[in-house]
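Okay, so here's the structure we're looking at.
Position 1 is the first residue of the sequence; numbering continues from there. As the structure is a computational prediction, the values presented were derived from the model and not from experiment. Order of appearance sets the numbers: ligands from 1, and atoms from 1 within every ligand.
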Amino acid sequence: MMIKVMSFIIPVIAIGVFVLTFVLMFSPKARGKMMSKQVKATKYMVDESKGDIESISTNMADATKDGIETTTRAIKKGFTEEDSIYCKYCGAKIDKDSKFCKSCGKEQ
Ligand SMILES: [Zn+2]
C-alpha cells in the first residue's frame, strides 16, 4: 500500500518540478510572479525581524558604550593615578609602597 502510494507520489512530484522549471524557464510572467512572491516573503521576514535586529543592535551599542566607558575610565585612572600616597600623619607625599614617611618618619 505504502509503496504504491509512494510510486504514485514521486513521479507526480517529479513531473510537477519539471513543469514548474519548464514554466519558469519559458514564461517571464510566471518567473516575475515567483520573484515577487519571494520578494514579498523576504520583505515580510525583514519586517518581522526588524524589532529583534533593532533591540540587538541597541543592546550591542549599549554594551559597547559601557565597554568604552570602562576602558576610558581605566585609562584615565592609569594616567592620573600616581604611584604615591599622602602620609596619614603629616600629609607629605610619599611612595605608595613605602613603609615609613620620609618626612616625619612615622610608619604608614
Ligand atoms: Zn609623615
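Residues satisfying the ring pair (Phe, Tyr, Trp, His ring centres under 6.0 Å) test with F100, not counting sequence neighbours, are none.
A distance of 11.5 Å separates NZ in K102 from CD in Q108, rounded to the nearest 0.5 Å. Taking NZ of K50 as the reference point, atom NZ of K43 lies at 10.0 Å (rounded to 0.5 Å). Note that the CG atom of D47 and the NZ atom of K40 stand 13.0 Å from one another [nearest 0.5 Å].
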Identify all side-chain donor-acceptor contacts of residues 62-70 below 3.5 Å with residues at least two apart in sequence or on another chain.
unit_1 : atom_1 : unit_2 : atom_2 : d
T64    : OG1    : M60    : O      : 2.6
T70    : OG1    : D66    : O      : 2.8

Which donor-acceptor pairs under 3.5 Å do side chains of residues 85-92 form with protein atoms, sequence neighbours excluded?
none

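Excluding water, every protein N/O/S atom under 2.8 Å from the Zn ion (ligand 1) is given here by residue and atom: C87 SG, C90 SG, C101 SG, C104 SG.
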